[in-house]
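First the structure, in the form of structure tokens, and then the observations on it.
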Amino acid sequence: MTVDVSADGLPDQLAVRHANLTRTLRHIRTNGPRSRAAIAAATGLHKTTVSSLVEELLTRRLVRELGMDHSGAAGRPGRGIALSPHIGAIGIEINVDYLAVHGSDLAGRTVYEQRTGFACAGRDVERCLDDIAEAARRALAHLADRGVTPIGVTAAVPGLIDVTRGVVVLAPNLGWHEVPIVDRLSHSLPPRLWIGVDNDANLAALAEHGSGVAAGTDDLIYLTGEVGVGAGVILGGRLLRGADGFCGEIGHMTVEPGGDVCGCGRTGCWETKVGLAALVRRVTPDAAYGLERGPLPDPQDRVAEVARRLAAGDRTARHAVTDVGTWLGLGSAILVNLFNPRAIVLGGYLAALAEHIIPAAQAALACRAVANPAARCHFVASRLGFTAAARGGAGAVLDRVIEHPTTVPVPPPVPAVPVR
Ligand SMILES: [Zn+2]
């Protein structure tokens with residue numbers, strides 16, 4: 001931990017206090033509810049300091065007191081301090097054919113989950129943003145009704161994101177270019193909310209790293225399995241962003257020069273081989289993306305139809321899914337050669353069809369990855385479904401709360417009831 005030092009050489013007391021508040025919250029998040037004495041023993045902070053920190057965290061409603069903690073800390077047991085279910089956040093994922101909204105609280109409970117069909121491509125961006133704001137408002141109201149104070153919203157978008165400016169620089173499959181989504185949502189949502197935007201694969205990777213099937217694996221790559229395919233790369237427990245924050249646009253890596261036209265305008269991109277639109281075009285050509293009249297079918301329904309055909313022994317479906325697996329392994333070998341991950345977590349539709357896709361993918365990976373330890377990199381199917389990025393979006397706000405606890409306002413005191 002580094003602590004700011006003021007001009008006279010003394011540590012900035014406020015900075016120390018902030019760092020210790022975060023340290024206390026992190027300790028409870030990692031280890032579960034703990035008594036004040038147990039927190040002091042584990043963090044090395046003085047007991048009276050911990051008591052004062054916990055008092056502030058209680059005032060800000062970031063923690064709550066439970067029953068007695070007998071977890072073995074020295075001294076007599078005290079009341080357990082747990083992360084609060086009264087503080088929450090929203091993640092909202094904007095994808096080609098759906099809008100997914102997830103709300104969770106600081107205690108880790110899912111408070112809200114909603115996924116609706118949503119078509120962005122070809123529509124006026126302003127109208128789309130109105131709909132997105134409306135979906136966020138509904139989720140915020142739902143949290144408030146359940147006694148959860150929402151602190152912020154993160155939008156998850158499949159594309160190049162300038163996180164600092166809060167701008168979607170380019171989302172090829174949505175047809176978005178330079179969309180100032182954070183500014184726009186800030187004007188449409190209630191004041192004092194923290195609003196951010198990030199790439200969908202980055203947020204899903206963070207969700208997986210925190211609580212998914214590969215939780216605790218510090219070197220993992222998450223692949224989205226939507227119409228587009230993006231990667232969230234976590235190495236040494238940290239998300240890789242790159243110089244401009246555009247790391248992970250793996251779906252647009254050329255694997256077949258002169259191949260099919262991609263949503264980005266180029267040809268032969270990886271997602272023209274392993275994206276959901278490519279699979280649907282082969283297995284159910286009558287229902288291919290772009291042919292819809294009326295509302296877009298839910299991606300889960302499209303995948304269910306492919307699974308039904310596989311179960312019925314449909315050869316076209318079997319060949320198509322095996323090809324997806326082979327192309328997936330081929331592209332993943334490049335990722336493995338570059339990053340040496342321990343796990344590649346498959347999201348979206350790739351997870352839903354994992355049992356059919358992984359064998360071919362693992363075989364292609366074993367052939368193509370140069371280092372033999374590639375055999376120690378395995379594909380695993382995410383269990384977070386199509387809402388992983390939205391879940392990661394809510395998690396990003398809650399992580400921010402843990403890192404900057406004093407940004408959470410102290411609620412006004414409850415007025416005393418006059419005695420009659
Ligand atoms: Zn492309």
Side-chain angles (χ1 to χ4, degrees), residues 93-98 118-123 125 128 156-162 167-179 181 197-205 221-233 240-283 285 288-292 296 299 302 320 323-339 344 346-350 357 361 364 368 386 389:
E93 179 190 355
I94 301 121
N95 219 306
V96 176
D97 45 0
Y98 66 84
F118 184 71
C120 244
R123 278 181 68 205
V125 176
C128 285
V157 179
L160 306 177
I161 312 298
D162 186 330
V167 170
V168 178
V169 177
L170 177 69
N173 290 316
L174 302 182
W176 282 12
H177 178 65
E178 283 293 324
V179 175
I181 186 166
V197 61
D198 205 337
N199 173 271
D200 61 340
N202 284 351
L203 291 170
I221 294 178
Y222 176 92
L223 292 179
T224 62
E226 327 287 348
V227 168
V229 173
V233 182
L240 280 199
R241 289 195 177 272
D244 298 302
F246 300 162
C247 178
E249 283 305 315
I250 199 75
H252 302 289
M253 156 176 85
T254 306
V255 292
E256 190 184 49
D260 293 334
V261 176
C262 179
C264 73
R266 298 172 186 82
T267 59
C269 294
W270 194 33
E271 68 185 42
T272 68
K273 297 295 182 189
V274 298
L276 179 57
L279 180 70
V280 165
R281 198 163 50 240
R282 278 187 66 182
V283 180
Y289 279 84
L291 298 180
E292 307 84 7
L296 271 174
R302 293 185 188 268
D323 283 353
V324 165
T326 303
W327 280 106
L328 190 70
L330 188 144
S332 296
I334 299 172
L335 297 177
V336 168
N337 287 337
L338 271 176
F339 298 119
I344 297 179
L346 303 180
Y349 99 88
L350 294 170
I357 290 174
R368 300 261 172 190
F386 282 95

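Whatever order the structure lists them in is the order used to number ligands and atoms, beginning at 1.
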Suppose we screen for side chain to side chain donor-acceptor pair (under 3.5 Å). Which residues come up paired with N202, at least two apart in sequence or across chains? D198

P299 and Y98, any side-chain heavy atoms less than 4.5 Å apart: yes

Under 3.5 Å donor-acceptor pairs involving side-chain atoms of residues 271-283, not counting sequence neighbours:
from : atom 1 : to   : atom 2 : distance (Å)
E271 : OE1    : V229 : N      : 3.0
E271 : OE2    : N173 : ND2    : 3.1
T272 : OG1    : C269 : O      : 2.6
K273 : NZ     : E256 : OE1    : 2.9
R282 : NH1    : D323 : OD2    : 2.8
R282 : NH2    : D323 : OD2    : 3.1

Donor-acceptor pair, distance only, cut-off 3.5 Å: does the side chain of T254 make one with the backbone of G268? no

Give every protein N, O or S atom lying under 2.8 Å from the Zn ion (ligand 1), naming each by residue and atom. H252 ND1, C262 SG, C264 SG, C269 SG

Identify every side-chain donor-acceptor pair in residues 327-334 under 3.5 Å, counting partners at least two apart or on other chains, and give the distances.
from : atom 1 : to   : atom 2 : distance (Å)
S332 : OG     : L328 : O      : 2.7

Rounded to the nearest 0.5 angstrom, the CG-CD1 distance for L203 and I161 is 9.0 Å

